[in-house]
Number of protein chains: 2
Amino acid sequence: MPREPNLDALVCFDIYSANLAIGRLYKPLLEPLGLTYPQYLVLKVLWETDAQSLGTIGRRLGLESSTLTPLVKRLEARGLVTRLRDTGDERRVVVSLAEAGRVLEARTEGFARCLIEGTGMSVAEMEQIHRLMRKLTAGTVQQA
Amino acid sequence: MPREPNLDALVCFDIYSANLAIGRLYKPLLEPLGLTYPQYLVLKVLWETDAQSLGTIGRRLGLESSTLTPLVKRLEARGLVTRLRDTGDERRVVVSLAEAGRVLEARTEGFARCLIEGTGMSVAEMEQIHRLMRKLTAGTVQQA
DNA sequence: TGCGATTGCATCGCGTGCGACTTATTTCTG
DNA sequence: CAGAAATAAGTCGCACGCGATGCAATCGCA
C-alpha cells in the first residue's frame, strides 16, 4: 500500500516529468529542422531579440556558460548563428542570427498549435502555468 | 525592440527554467546525502512503494531504461538499493531499498519546507501546479 | 594610476536523458 | 508446441547541464 506522497514529491515529480514530456512532444517537430530542444529554446530567444551576449541568453534560460558555450558552438557549426567578440567589452561574446537561422523561424509557426493539441490544455491553462512557473523561478533565491 | 513572445515560448521557457531552478534549489540539500536530483526522485518513488521493477519506476518518472539502468546501478554501488531478477518474470529487475536507502528518508524530512521557503509559493499554489502539470503530462499522447 | 576584485567566457569531468540497437524472456498464434 | 511478436532490461553514442577551475578583460578604489 503506497503511503501518502508529501508535498515536494508532487511538485518535483510533476514539473520534472512535464518538462521531459514537452521535450518528447517537440522532438518529432524539431527533428526535421535538425535541432534539439535546448537549441530551439536558444534560437527562440534570438528570434525575440537578435544579437545578445552569451550571458544574457544564459540568464534568460537559466543556463551556465559551461552549458551554453558548446551548445552555441554547435549552432554556429551548422551556420545558424555567428559568434563575435563585443567591440565595446572584449569579454563578451555576442551571438547573432545568421541568415539560415533567421529563416528557420518560419518553419516553427505551427508549434504553438501542436503544443495545445498535444497536451490537451486550454490557452487559459497555459497562461496559468506561465504565471505560476515564472513566480516559482523568480522566487528561488539567487545567491550572490 | 523585442517582439511579442508567442504562446509556446511562455510554457516551454517557464517549465524548462522552473525545472532547472528546482534542481538548483535541491542541490545543496542533496549534496550532504551524496545524491543527485534524479537519484533523489528514484528513491522517493521507492519510499512511497518499495520493491518496484525498473520499468514501473521509469513509467512513474517518464524515464527510459537507458537512463534508469545506469542511475540505479549507481544507487546500488552506494549500497542504497538492491537489484534482483523477478523470479516470476525473469525479464524484470526488481529494485528494492537496502537498509542504508531506507534510513536516508529521515534526512529528507525538511525538504518540503525548504521548497516552500525557497520558492516563496503557497501550498495552494503548489497544489495548483501539481494539478496543471499532471494534466499536461497525462495529455501528451503516448504513442504505442 | 595601479593592483586586487569582479566579470564573461571557455574547458573539463561526471551524471543524466534519449534513440537505436542487442539480448533474453515471455506471450501470442496457428 | 513451434515460430513470430511483444516485452524488459542493457549498451552505446551523442547532447545537455553543472560545479570547479582557468584566463583574459574590465572595474573599483585607494
Side-chain angles (χ1 to χ4, degrees), chain A residues 12 16-28 30-31 33-43 52-78 83-95 140 142-144, chain B residues 12 16-28 30-31 33-43 52-59 61-78 83-95 142-144:
Chain A
C12 292
Y16 181 80
S17 301
N19 185 49
L20 293 179
I22 291 181
R24 274 190 288 273
L25 182 66
Y26 270 85
K27 183 151 299 203
L30 293 172
E31 199 140 295
L33 310 186
L35 293 176
T36 66
Y37 183 57
Q39 287 169 6
Y40 168 66
L41 293 182
V42 169
L43 285 179
Q52 298 190 57
S53 77
L54 204 73
T56 307
I57 298 171
R59 251 168 268 124
R60 179 72 198 279
L61 293 172
L63 292 175
E64 303 296 321
S65 75
S66 48
T67 301
L68 215 44
T69 294
L71 190 158
V72 170
K73 281 189 174 177
R74 277 178 213 109
L75 291 178
E76 186 188 31
R78 296 186 191 204
R83 295 172 352 108
L84 287 172
R85 286 280 161 187
D86 187 324
T87 50
D89 185 342
E90 293 278 348
R91 292 171 303 182
R92 283 189 170 81
V93 167
V94 176
V95 184
T140 61
Q142 334 283 354
Q143 43 269 41
Chain B
C12 291
Y16 181 80
S17 300
N19 184 51
L20 294 178
I22 291 181
R24 274 190 288 273
L25 182 66
Y26 270 85
K27 183 151 298 205
L30 292 172
E31 200 140 292
L33 311 184
L35 293 175
T36 66
Y37 183 57
Q39 287 169 4
Y40 167 66
L41 293 182
V42 169
L43 285 178
Q52 298 190 58
S53 76
L54 204 72
T56 307
I57 299 170
R59 251 167 269 124
L61 294 171
L63 291 175
E64 303 295 322
S65 73
S66 48
T67 302
L68 215 44
T69 295
L71 189 158
V72 170
K73 281 189 175 176
R74 277 180 212 109
L75 292 178
E76 186 189 32
R78 295 186 194 204
R83 294 173 352 110
L84 287 172
R85 286 280 161 187
D86 187 323
T87 50
D89 185 343
E90 291 279 346
R91 291 172 302 182
R92 284 189 170 82
V93 167
V94 176
V95 184
Q142 334 284 355
Q143 44 270 40

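Convention: sequence-line order gives letters A, B, ...; per-chain numbering from 1.
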What distance do B:D86 atom CG and B:L54 atom CG have between them, rounded to the nearest 0.5 Å?
12.5 Å

When rounded to the nearest 0.5 angstrom, what distance separates CG in B:L30 from CD in B:Q39?
9.0 Å

By nearest heavy atom, map A:L20 and A:K73 onto DNA chain C; which one lands nearer the 5' end?
A:K73

When rounded to the nearest 0.5 angstrom, what is the spacing between OH in B:Y26 and CG in B:L33?
12.0 Å

Verify the contact: side-chain N or O of A:T69 to OP1 or OP2 of C:dA10, cut-off strictly under 4.0 Å; return yes or no.
yes

Apply side chain to side chain donor-acceptor pair (under 3.5 Å) to B:E64 and list each qualifying residue two or more places apart in sequence or on a separate chain.
none

Rounding to the nearest 10°, end axes of the helix from C:dT1-D:dA30 to C:dG30-D:dC1 built from five pairs each make an angle of 30°

When you check the phosphate oxygens OP1 and OP2 of C:dG8, does a side-chain N or O of A:S65 lie under 4.0 Å from one of them?
no

I'd like to check the side chain to side chain donor-acceptor pair (under 3.5 Å) partners of A:R91; sequence neighbours left out, ordered by chain and number.
A:D89

Where chain A begins and ends its contact with DNA chain D, read 5' to 3' at 4.0 Å from heavy atoms:
D:dA15 to D:dT26

Using a 4.0 Å heavy-atom cut-off, does A:G58 contact any base of the nucleic acid, only the sugar-phosphate backbone, or nothing at all?
nothing

Between P of C:dC14 and CG of B:L71, the distance in whole Å:
17 Å

According to side chain to side chain contact (heavy atoms under 4.5 Å, CB included), who are the partners of A:S17, at least two apart in sequence or on a separate chain?
B:T137

When rounded to whole Å, the OH to C1' distance for the pair B:Y16 and C:dG17 reads 12 Å

If the condition is salt bridge (Lys or Arg N to Asp or Glu O under 4.0 Å), which residues does A:R59 pass it with, not counting sequence neighbours?
none

Of the options C:dC9, C:dG19, C:dG17, whose atoms approach the side-chain atoms of A:K27 most closely?
C:dG19

How close or far is atom P of C:dG17 from atom CD1 of B:I57, stated in whole angstroms?
14 Å

Ignoring backbone atoms, establish whether B:R74 has a side-chain N or O less than 4.0 Å from OP1 or OP2 of C:dT16.
yes

Take atom CZ of A:R92 and atom P of C:dT6, then tell me their distance rounded to the nearest Å.
17 Å

Separation between CG (A:L43) and CG (A:L75), nearest 0.5 Å, reads 5.0 Å

Could you pull out all residues at least two apart from B:S65 that satisfy side chain to side chain donor-acceptor pair (under 3.5 Å)?
none

Applying side chain to side chain contact (heavy atoms under 4.5 Å, CB included), name anything that partners B:L20, two or more places apart in sequence or on another chain.
A:L63, B:Y16, B:R24

With sequence neighbours excluded, tell me which residues meet salt bridge (Lys or Arg N to Asp or Glu O under 4.0 Å) with A:R83.
A:E76

Pull out every protein N or O sitting under 3.5 Å from an N or O of nucleotides 21-27 of chain C, one pair per line with the distance.
{"from": "C:dT26", "atom 1": "OP1", "to": "B:E90", "atom 2": "N", "distance (Å)": "3.1"}

Atom pair CG (B:L61) and CG (B:L68), whose distance is rounded to the nearest 0.5 Å:
7.0 Å

Side chain to side chain donor-acceptor pair (under 3.5 Å) involving A:S53 - partner list, sequence neighbours excluded
A:T56

No-H, no-angle donor-acceptor pair, A:S53 side chain to C:dG8 base, under 3.5 Å
no

State which residue, out of B:L35, B:T36, B:L41, fulfils the side-chain contact (heavy atoms from CB on, under 4.5 Å) condition with B:P38.
B:T36

Tell me which residues in residues 33-43 of chain A lie within less than 4.0 Å of DNA chain D, going by non-hydrogen atoms.
A:T36, A:P38, A:Q39

Closest-nucleotide ordering on DNA chain D, the 5'-leading residue of B:L68 and A:S66:
B:L68

What is the separation between atom CZ on A:R24 and atom P on C:dA20, rounded to the nearest whole Å?
14 Å

Looking across every strand, which nucleic acid part, if any, lies under 4.0 Å from A:L63 by heavy atom: base, sugar-phosphate, or nothing?
sugar-phosphate

